[in-house]
Amino acid sequence: MSLKEFEYLIHDGLLPAYQESFQRMYSAIYRQDVDDLQELHQSTKLNQKKKLRTEDRHLQTLVELYIEKLSGQPLDSKKVDIIKTYLLKCDSWYYYEWSLFNNSIFIFDVATIDALFDQTFNNLETYESHNALGNESVLFVANLLSLLIQQQQIELANKYLKSLNLIKVPETAVFETILIKFYNKLLLGINSHKSPKQDVLNLISIFLKLNLKPLYASHQKLLDFVLQTYSFDK
């Protein structure tokens with residue numbers, strides 16, 4: 001029995017609807033669609049009141065934090081504490097805790113992320129060694145690298161890039177392969193002081209060809225930040 005099937009059974013078949021809400025949240029974040037997040041917030045708030053499940057409360061809180069983040073508002077410290085308290089008080093992290101951490105990584109300071117990385121990453125590798133969870137360790141490290149680059153923590157970013165390059169992905173994992181190459185080219189440009197613009201644009205243009213415009217836009221935004229922040233040789 002796979003972990004996902006097990007999770008489905010212990011939640012009495014309710015997990016797919018919860019995952020559907022998570023997927024909607026991902027999509028809205030990529031599109032930076034605050035209106036859609038506001039609509040999702042209403043449904044998650046209703047579910048949380050009806051069912052009083054921990055995961056519904058976490059999802060509601062995440063949606064609220066993303067609305068604040070995308071709207072340029074300060075993050076509500078009480079909402080941040082709901083996520084932080086749960087994760088930091090867990091004796092052991094399983095797939096749910098990892099997923100929650102990955103989706104709320106922006107609320108943690110770099111020192112805390114660095115301290116939690118080995119525990120989190122090793123747990124995730126254990127899940128992926130037993131189940132086909134879609135190379136989500138790549139997504140985790142990519143999220144972390146994006147955060148570190150934006151915070152100009154390049155030494156730490158170089159450290160985690162080594163972990164990214166150690167992850168084995170099948171040839172059919174197109175998205176994960178693009179992510180790995182994207183961050184390698186971006187950090188190579190930053191470290192060598194040579195503009196990575198053309199190499200990166202050639203790479204992420206694949207998203208446009210696949211009509212994945214929100215993915216293209218999010219990676220283009222990070223590239224623009226790098227080009228504006230770092231000095232490159234002509």
task = Check whether any side-chain heavy atom of Leu70 sits under 4.5 Å from a side-chain heavy atom of Asp33, and report yes or no.
result = no
ask   = Would a distance-only check, ignoring hydrogens and angles, find a side-chain to backbone donor-acceptor pair under 3.5 Å from Gln150 to Ser146?
value = yes
ask   = Tell me the salt bridge (charged side-chain N to carboxylate O under 4.0 Å, His left out) pairs involving residues 204-218, sequence neighbours left out?
value = none
inquiry  = Classify the ring geometry of Tyr230 against Phe225: parallel below 30°, tilted from 30° to 60°, perpendicular beyond 60°.
reply    = perpendicular
ask   = Measuring from Asp81:CG to Leu75:CG, what's the distance to the nearest 0.5 Å?
value = 11.5 Å
request  = Measure the shortest side-chain to side-chain distance between Val141 and Ile180 over non-hydrogen atoms and say whether it is less than 4.5 angstrom.
outcome  = no
task = Please test Asp199 against Lys181 for side chain to side chain contact (heavy atoms under 4.5 Å, CB included), starting from the C-alpha separation and ending with a verdict.
result = CA-CA 10 Å; Asp199 285 343; Lys181 291 184 177 181; over 6 Å; no
message = With no hydrogens and no angle check, just 3.5 Å: does a side-chain donor-acceptor pair link Gln198 and Asn202?
response = yes
inquiry  = Set out, in order, the CA-CA distance, both residues' side-chain angles and the distance that settles ring pair (Phe, Tyr, Trp, His ring centres under 6.0 Å) for Tyr160 and Tyr183, then state yes or no.
reply    = CA-CA 10 Å; Tyr160 294 128; Tyr183 284 101; over 10 Å; no
key: Interatomic spacing from CG in Leu148 to CG in Asn158 - rounded to 0.5 Å   = 10.0 Å
inquiry  = Tell me which pairs pass salt bridge (charged side-chain N to carboxylate O under 4.0 Å, His left out) where either residue lies in residues 142-159, with sequence neighbours left out.
reply    = Asp114-Lys159
request  = Write down the atom of His219, the atom of Leu215, and the distance for their closest heavy-atom approach.
outcome  = ND1-O, 2.7 Å
ask   = With a 4.5 Å heavy-atom cut-off, do Ser195 and Val226 have their side chains touching?
value = no
inquiry  = For Phe101, run the side chain to side chain contact (heavy atoms under 4.5 Å, CB included) check against Leu87, Ile83, Leu88 and tell me which one passes.
reply    = Leu87
request  = In plain terms, say whether Lys78 and Glu64 are close enough for a salt bridge, that is, a side-chain N and a carboxylate O under 4.0 Å apart.
outcome  = no
note = Nearest heavy-atom contact between Val200 and Lys185 is CG2-CB, 4.0 Å
ask   = Side-chain contact, heavy-atom cut-off 4.5 Å: Tyr216 with Leu201?
value = yes
note = Which of Leu210, Leu139, Val169, Ile206 passes side chain to side chain contact (heavy atoms under 4.5 Å, CB included) with Phe175? Answer is Leu139
Smallest separation among heavy atoms of Ser104 and Leu62, with atom names = CB-CD2, 3.7 Å
key: Spacing of CZ belonging to Arg57 relative to NZ belonging to Lys79, to within rounding of 0.5 Å   = 12.0 Å
message = Looking at every non-hydrogen atom in both residues, tell me the closest pair between Leu145 and Ala157 and how far apart they are.
response = CD2-O, 3.2 Å
request  = Kindly compute the distance separating CD1 (Ile107) from NZ (Lys84), expressed to the nearest 0.5 Å.
outcome  = 6.0 Å
Ile113 and Leu147: CA distance, side-chain angles, deciding distance, side chain to side chain contact (heavy atoms under 4.5 Å, CB included) verdict = CA-CA 11 Å; Ile113 294 171; Leu147 180 69; 3.5 Å; yes
remark   = In terms of heavy-atom contacts, Met25 and Asn103 come closest through CE-OD1, 4.3 Å
Nearest atoms (heavy-atom pairs only) where Glu68 meets Pro74 = OE1-O, 3.7 Å
task = With rounding to the nearest 0.5 Å, note down the distance linking CD in Gln38 to NE2 in His41.
result = 7.5 Å
Same cluster (ILVMFWY, side-chain, under 4.5 Å), Leu188 and Leu223 = no
query = Is the closest side-chain heavy-atom distance between Phe106 and Leu65 below 4.5 Å?
reply = yes
note = Rounded to the nearest 0.5 angstrom, the CG-CD1 distance for Leu40 and Ile67 is 8.0 Å
